[in-house]
Amino acid sequence: MTELHQAREGENPLDVLIIGAGISGINAAYHLQTEIPHYRFAILEARDNIGGTWDLFRYPGIRSDSDLYTFGFSWHRWNRSNPIAEGPDILEYLDDAATTYRLKDYILFNHRVSSLEWADNQWKAQVQHGSADKNFRTRFIIFATGYYDYHQPLATVIPGLDQFKGQVVHPQFWPESLDYTDKRIVVIGSGATAVTLVPTLAERAKLVTMLQRSPTYIAAVSNPAQNTWWARLFPKSCVYYIRRVFQLIFGWLFFNYCRAFPGSARALLERRARSQLPADIPLDPHFKPRYNPWEQRLCASPDGDFFKTLASRKATIQTDTISTVDAHGIHLSSGTYIPADIIVTATGLKLQICGGIPLTVNGKPLDIPQKFMWNGLMLQDLPNAVLSLGYVNASWTLGADACMQLTCRMLKLLEKSGRTAVVPVCDGAQKTDGEPMLNLSSTYLVRAQKDMPKSAAARPWVARTDYISDMLFGRFGDVTAGLKFL
Ligand SMILES: Cc1cc2nc3c(=O)[nH]c(=O)nc-3n(C[C@H](O)[C@H](O)[C@H](O)COP(=O)(O)OP(=O)(O)OC[C@H]3O[C@@H](n4cnc5c(N)ncnc54)[C@H](O)[C@@H]3O)c2cc1C
Ligand SMILES: *[C@@H]1O[C@H](CO)[C@@H](O)[C@H](O)[C@H]1NC(C)=O
Ligand SMILES: *[C@@H]1O[C@H](CO)[C@@H](O)[C@H](O)[C@H]1NC(C)=O
Ligand SMILES: *[C@@H]1O[C@H](CO)[C@@H](O)[C@H](O)[C@H]1NC(C)=O
């Protein structure tokens with residue numbers, strides 16, 4: 001801690017400042033500590049706890065969609081038999097990882113970075129700590145700020161919602177004290193959050209209705225609480241690696257199968273859904289999405305909990321649009337009326353990169369959507385700063401790992417070269433013909449596209465797409481192309 005406090009204005013700048021203590025920030029700290037142990041670095045976290053997403057979201061049943069063998073850290077094994085884990089268990093795991101490797105020593109909690117200014121070859125960070133303003137100086141920045149706005153969810157207009165006399169709840173701000181026992185609940189939305197909420201709420205509610213404008217693919221996945229037979233045949237240490245490699249390969253195969261044979265993938269997913277649905281809930285329209293599999297994120301349902309809840313009659317599903325909300329319920333365009341005591345608006349996240357922090361480079365504000373992204377890691381014209389971002393079609397943590405592999409290599413290179421700064425430069429004449437940073441057709445991603453940096457079809461301006469090729473690039477690729485050393 002004493003080292004951290006020296007980092008204030010007037011003292012020597014830090015080597016690296018990590019912003020955010022979620023999965024990405026903890027992962028970044030581990031890699032710096034292990035690979036460049038002589039560096040002085042700190043993590044500034046706006047909240048009073050680690051975990052980011054897993055500390056913020058508190059709705060009933062919150063869990064991962066990804067398997068923890070790849071969503072967990074490569075350097076701290078997830079040793080349980082269930083690939084999909086509940087929020088509190090993930091938070092406990094993150095805490096255990098951070099404690100085991102003494103990473104919490106680097107964190108300053110309740111420190112919100114409010115602006116960043118690059119001048120004289122270093123960064124000056126303005127930081128709010130309670131009512132006090134502090135300044136930190138650092139040579140290099142790692143943005144581990146996640147990808148969405150913590151304070152504002154995606155704005156959606158639901159006509160008449162202000163007339164509603166019951167309670168309106170957004171999953172991002174779930175009230176701890178909300179008692180929904182024997183209540184009639186309508187969950188608006190069809191994404192992972194809605195699919196998670198419905199089975200959990202239905203355990204105590206009177207009736208839960210999932211109201212979706214258009215359906216999503218939902219796939220039941222097995223989530224055993226105990227080791228299955230094969231896992232008992234292998235030594236414990238092997239089992240983790242087998243599971244991790246299996247998830248990596250299976251995930252890759254399934255995604256690419258969906259993209260290559262959309263018709264076949266659609267038929268497969270629909271057949272599986274139909275076999276689990278009760279007879280009176282038809283596949284069409286409720287489980288027949290307008291898009292092909294993996295054009296949006298696939299929702300996982302551990303052990304088919306979602307389908308079982310529908311079969312139990314404690315929950316039901318409506319595919320329709322809202323005509324208007326009145327004091328006691330929702331009128332649908334088809335004429336149906338759903339009475340409700342609670343409305344849950346599971347309508348999505350508002351995307352944001354670099355934590356929404358205003359960035360100034362040599363006196364000029366940086367306009368992110370105008371910039372290309374260098375190998376999915378740095379922003380054009382933004383010196384000495386990397387963004388730890390994940391994948392949309394694989395576990396986030398894999399992307400964070402690929403980011404740190406490339407970052408550590410670059411930091412070592414910078415040190416060896418005797419230069420002080422590195423910045424991606426291009427003339428801006430590149431064609432924007434690459435995959436968009438987040439190439440899925442989900443509403444919240446499409447709406448955010450205009451705020452995202454640009455990408456081209458060839459390195460070094462490609463978006464990050466694949467763990468294996470990113471790791472290979474991070475190790476052997478040309479990390480000088482497109483960069484200027486100052
Ligand atoms: C409900 C939900 C379920 C998800 N499930 C999965 C899943 O199963 N698989 C998957 O791959 N992904 C999933 N995701 C995506 C998930 O957010 C990421 O996987 C991962 O948790 C992101 O980690 P992160 O550390 O990059 O960002 P975050 O978890 O968002 O953490 C960012 C941290 O930065 C801090 N911060 C931000 N701005 C500032 C600032 N200006 N100053 C100081 N601190 C700041 C925040 O307080 C926060 O602690 C899910 C997301 C949600 C919302
Ligand atoms: C599994 O991991 C947890 C923490 O993540 C640890 O406390 C526990 O001892 C581990 N169990 C085994 C059997 O390794
Ligand atoms: C993710 O998508 C990209 C294309 O957008 C693809 O090349 C890659 O193989 C996918 N990764 C996985 C794990 O499916
Ligand atoms: C984005 O994904 C779609 C499938 O949803 C695919 O057809 C398209 O080729 C991808 N875009 C680019 C630019 O690769």
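Order of appearance sets the numbers: ligands from 1, and atoms from 1 within every ligand.
Atom numbering of ligand 1 starts at 1 in the shown order; those under 4.0 Å from a heavy atom of Tyr59 are 1 (C). Within ligand 1, the atoms closer than 4.0 Å to a non-hydrogen atom of Gly146 are 26 (O), 27 (O), 30 (O), 32 (C), numbered from 1 in the order shown. Taking every non-hydrogen atom of Phe57 and a distance limit under 4.0 Å, the qualifying atoms of ligand 1 come out as 53 (C). Interface of Gly20 with ligand 1, defined as ligand atoms under 4.0 Å from a residue heavy atom, comprises 33 (C), 34 (O), 35 (C). Those atoms of ligand 1 that come under 4.0 Å of a heavy atom in Arg47, given as number and element, are 47 (O).
In this comparison of Ser24, Cys354, Ala85, the heavy atom closest to atom 26 (O) of ligand 1 sits on Ser24. Between the choices Phe143, Trp54, Phe71, Tyr147, the shortest heavy-atom distance to atom 51 (C) of ligand 1 belongs to Tyr147. With distances taken over non-hydrogen atoms, the option nearest atom 17 (O) of ligand 1 out of Leu349, Leu387, Thr53 is Thr53. Among Gly87, Gly25, Ala144, the residue whose heavy atom sits closest to atom 32 (C) of ligand 1 is Ala144.
Residue-environment remark: CZ (Phe261) stays at or below the threshold of 12 foreign heavy atoms within 6.0 Å. In this structure, Trp252 places its CH2 atom where only 12 or fewer heavy-atom neighbours from other residues, nucleotides or ligands lie under 6.0 Å away.
Taking the six-membered ring where the residue is Trp, Trp75 and Tyr101 present perpendicular rings, their angle passing 60° and hence far from 30°. Taking the six-membered ring for Trp and thresholds of 30 and 60 degrees, His170 and Phe173 have ring planes inclined between 30 and 60 degrees apart. In this pair, His111 and His129 present their aromatic rings parallel. The plane angle is below 30°, not in the 30 to 60° band.
In this structure, Phe255 has its ring center no closer than 6.0 Å to that of Tyr257.
Of all the heavy atoms of Tyr391, none lies under 4.0 Å from any atom of ligand 1, so neither backbone nor side chain is involved.
Here the CG atom belonging to Leu103 is positioned 7.5 Å from the CD1 atom belonging to Ile26, to the nearest 0.5 angstrom.
Residue contacts with ligand 1 leave out Gln172, since none of its heavy atoms falls under 4.0 Å from the ligand.
With respect to Asp15 and Arg40, no salt bridge is recorded, no charged nitrogen being found less than 4.0 Å from a carboxylate O. In summary, Lys104 and Asp95 engage in a salt bridge, as defined by a charged side-chain N under 4.0 Å from a carboxylate O. The pair Lys364-Asp381 fails the salt-bridge criterion, with no side-chain N (NZ, NE, NH1 or NH2) lying under 4.0 Å from an Asp/Glu carboxylate O.
Sorted by chain and number, the residues within 4.0 Å of ligand 3 by heavy atom are Gly251, Trp252, Phe255, Asn256, Asn393, Glu435, Thr465, Asp466.
Inclusion of Tyr150 in the set of residues having an N or O under 3.5 Å from an N or O of ligand 1 is warranted.
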